[in-house]
Participant: 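Dropping a structure here in structure tokens format, bear with me for questions.
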Amino acid sequence: MAQEKIVCMRCEDELEAGRYRCRCGALGEVRHDLESMNGEGLLAGFQGRRGARSGVEASGVWRFRELIMPRVKMHQIVTRREGNTRIYRPPALVKYLGLGKLSIKHEGENPTGSFKDRGMTVGVTRAVHEGARAIACASTGNTSASLAAYGAAAGLPAVVFVPAGKIARAKLAQTVAYGAKVVEIDGNFDDAMNMVVKVCRELDMALLNSVNPWRIEGQKSIIFELLDDLDWQVPDWIVFPAGNLGNTSAFGKALRELYELGLLERMPKLVAVQAEGASPFFKFYQERLENPRAELVAEANPETVATAIRIGNPQSWEKAIREINATKGMVLSVTDQEIMEAKLQIDGAGIGCEPASAASIAGIHQLIKRGIIGSKDHAVAILTGHFLKDVESALNWHEQNGASHNRIRVSADFDAIAKALDKGLA
Ligand code: F0G
């Protein structure tokens, strides 16, 4: 079986076990021995596992394990049968966007309600393999909920660092209830991120943010499963929200590996969508078009309604720019207004998502208006988190924008109800 190594993404030096950042400052990544693999054989294997209903093959991550963690010991796998998320094609949204073909993959349908479970099952499995005594992360809420759940499943103590008062309450509730220790930092996500790196190093805990290359390996399965859902017919665009840039890095790596294995006839374009108030990667991408040596400038005070992507100093920027370039993709910025209008459409189709996720539909909307996505194109939107992750934002939006007509308060009296409904439905 192929041996995987962790090498620096910039200088290719091999990193020692347990190290995620090279001396040169760049992040490490898992390098698979693709040359020893047979693409067609792998594909047949993946397809043969499609219907598995039990065991690790029922996981939409571990079904693809040859391209994720080939040497995994099966008894060490910590899985909640993550993945297996649905594809939606709501006619109302297709009409709203005026698009030929739209596929929405809802990663909010994972066990803890976000795509993070796909990376976490792999990261925590690796932590178990390495004999970690505790696991930790910094988070805007979803990673922490996922870490807490997988820590509980593995029987490992979990510690999370979150920006105090700045994460959606449902995510905090999940994290606390699943038994993680929550350290609320007076500061933002980037401050929490800086602290957790130090804490993990000094206090000997396994770092489970997406700087951990095994998290990225797990998140690649979004692409593997998406292509499998589409019977390996490559879409034109894959559009998704971007914060710390783990997904951008994972999606591009997955596509490059599949391409190298001869399993893709062409590359889809990746589109990373940032919220305008927290868009250092968007600004960096614009700058790079003029100056290839430009580096990312962190934002000190990121702000957006999409708290999940309220990040000023994305850790994986260097990997992410490589993947945007490799797929000839794009980086966009959308306003909070555009995000919430897109969310209204997704919610109204009866599907729903948390605000950050709606950035994907807002991004497609923007590219159609700019004439970049054509009306015959097939665009995929990745919804990253479940509607119930952030109910306050939905209720606040409806209240502030006069859409509260969906709610009527009336006495328990038939005539009054009939009258109110008659008015309401008119
Ligand atoms: N969407 C949601 C719902 C998220 O929770 C996140 C990241 C993203 C998109 C952005 O993904 O970081 O890979 O670019 N949430 C992290 C967290 C930061 O702590 O839960 P990315």
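Atoms within each ligand, like the ligands themselves, are counted from 1 in listed order. Throughout, residue positions are numbered sequentially from 1 according to the sequence presented.
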Participant: Suppose I only count heavy atoms of P241 and a 4.0 Å limit; which atoms of ligand 1 are within that range?
Facilitator: 1 (N), 9 (C)
Participant: With a 4.0 Å cut-off on heavy atoms, does S210 reach ligand 1?
Facilitator: no
Participant: Would you say N247 has any N or O atom under 3.5 Å from an N or O of ligand 1, going by distance alone?
Facilitator: yes
Participant: Out of all atoms in ligand 1, which are within 4.0 Å of some heavy atom of G246? Include the element for each.
Facilitator: 13 (O), 14 (O), 21 (P)
Participant: I'd like to check which ligand 1 atoms, numbered from 1 as shown, lie under 4.0 Å from a non-hydrogen atom of S139.
Facilitator: 17 (C), 19 (O), 20 (O)
Participant: Only pairs under 3.5 Å count here: list side-chain donor-acceptor contacts from residues 151-171, not counting sequence neighbours, and write none if there are none.
Facilitator:
{"residue": "K171", "atom": "NZ", "partner": "E354", "partner atom": "OE1", "Å": "2.8"}
{"residue": "K171", "atom": "NZ", "partner": "E354", "partner atom": "OE2", "Å": "3.4"}

Participant: Is ligand 1 less than 4.0 angstrom away from at least one heavy atom of A242?
Facilitator: yes
Participant: Counting only heavy atoms, which portion of K116 has something under 4.0 Å from ligand 1: side chain, backbone, both, or neither?
Facilitator: side chain
Participant: Considering non-hydrogen atoms of the protein only, which is the closest contact for atom 2 (C) of ligand 1, and what is the distance?
Facilitator: T384 OG1, 3.4 Å
Participant: Going by heavy atoms, is F115 under 4.0 Å from ligand 1?
Facilitator: yes
Participant: Heavy atoms only: which of T307, V273, N244 is nearest to atom 12 (O) of ligand 1?
Facilitator: N244
Participant: Using the ring of each side chain (for Trp, its six-membered ring), is F224 parallel, tilted or perpendicular to F64, with breaks at 30° and 60°?
Facilitator: tilted
Participant: Closer than 4.0 Å to some heavy atom of T143 - which atoms of ligand 1 meet that?
Facilitator: 16 (C), 17 (C), 19 (O), 20 (O)
Participant: Taking heavy atoms and a distance under 4.0 Å, where does I311 meet ligand 1: side chain, backbone, both or neither?
Facilitator: side chain
Participant: Would E225 and R63 count as a salt bridge (charged side-chain N to carboxylate O under 4.0 Å, His left out) if you check the C-alpha gap in whole Å, the side-chain angles of each, and the deciding distance to 0.1 Å?
Facilitator: CA-CA 9 Å; E225 193 181 273; R63 206 147 39 97; 3.4 Å; yes
Participant: In terms of atom number and element, which parts of ligand 1 are under 4.0 angstrom from non-hydrogen atoms of E354?
Facilitator: 3 (C)
